[in-house]
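Just so it is clear, the values below take in all heavy atoms, side chains as well, and ignore hydrogens, waters and symmetry mates.
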Amino acid sequence: MSKLKTRKWDFVEHLNTEEDMLLYLEACAEDGDPGLIVAALGDIARARNISQLSAATGISRQGIYKAFSEGGNPRFDTVVKAASALGLRVQFTPVDQHDAA
């Protein structure tokens, strides 16, 4: 019997369009977990091109991988720079009273 070959599942392989990326980020943001939002930004960065993000933000490739990997804890200005370089804007909106409960 031959061995079953597997490979690690990578969500990035399913981020094919700008809409996919935006919907993914929005879903992560709705959860409210900052770590999940950071991880989603990292996934989107990997789906697009880390080298281009590095050039646009002035942050090294290694720094981007570190900041946006699991357990990464980027500064807020790093998140804002990365979001901007990815064509996104950090925005705050009031919470609907029904959502707050």
>> Would you say Leu41 ends up clustered with Ile50 if hydrophobic residues are merged whenever their side chains have heavy atoms under 4.5 Å apart, either directly or through other cluster members?
In response: yes
> In terms of side-chain geometry, is the basic nitrogen of Arg7 or Glu13 positioned less than 4.0 Å from the acidic oxygen of its partner?
Replying inline: yes
>> I'd like to know if the side chain of Thr57 reaches the main chain of Leu53, judged simply by a donor and an acceptor atom lying under 3.5 Å from each other, with no hydrogens or angles considered.
In response: yes
>> Is there a path of hydrophobic side-chain contacts, each under 4.5 Å between heavy atoms, that joins Ile37 and Met21?
In response: yes
> Is the shortest heavy-atom distance from the side chain of Ser54 to the side chain of Ile59 under 4.5 Å?
Replying inline: no
> Nearest heavy-atom pair of Pro74 and Phe68: which atoms, and what distance?
Replying inline: CG-CE2, 4.2 Å
>> Within the structure provided, determine whether Phe76 and Lys81 are in side-chain contact (heavy-atom separation under 4.5 Å).
In response: no
> Do Tyr65 and Arg46 have side chains that get closer than 4.5 Å, going by heavy atoms?
Replying inline: yes
> Which atom names give the shortest non-hydrogen contact between Ala83 and Val90, and what distance separates them?
Replying inline: CB-CG2, 4.1 Å
> Is it the case that one hydrophobic cluster holds both Leu88 and Leu36, taking links as side-chain heavy atoms less than 4.5 Å apart, direct or via other members?
Replying inline: no
> Do other residues, nucleotides or ligands put more than 12 heavy atoms under 6.0 Å from Gln62 CD?
Replying inline: no
>> Show the nearest heavy-atom pair for residues Ile44 and Tyr24, with the distance to one decimal.
In response: CG1-CD2, 4.4 Å
> Per the side chain to side chain contact (heavy atoms under 4.5 Å, CB included) rule, which among Leu15, Leu86, Asp43 passes with Arg48?
Replying inline: Leu86
>> Please report the interatomic distance OG(Ser84) to CG(Asp77), rounded to the nearest 0.5 Å.
In response: 12.0 Å
> Under the side-chain contact (heavy atoms from CB on, under 4.5 Å) criterion, do Glu19 and Leu22 qualify, and how do the steps go?
Replying inline: CA-CA 5 Å; Glu19 183 179 16; Leu22 184 58; 5.8 Å; no
>> Just by distance, no angles: are the side chains of Arg61 and Ser51 close enough, under 3.5 Å, to form a donor-acceptor pair?
In response: yes
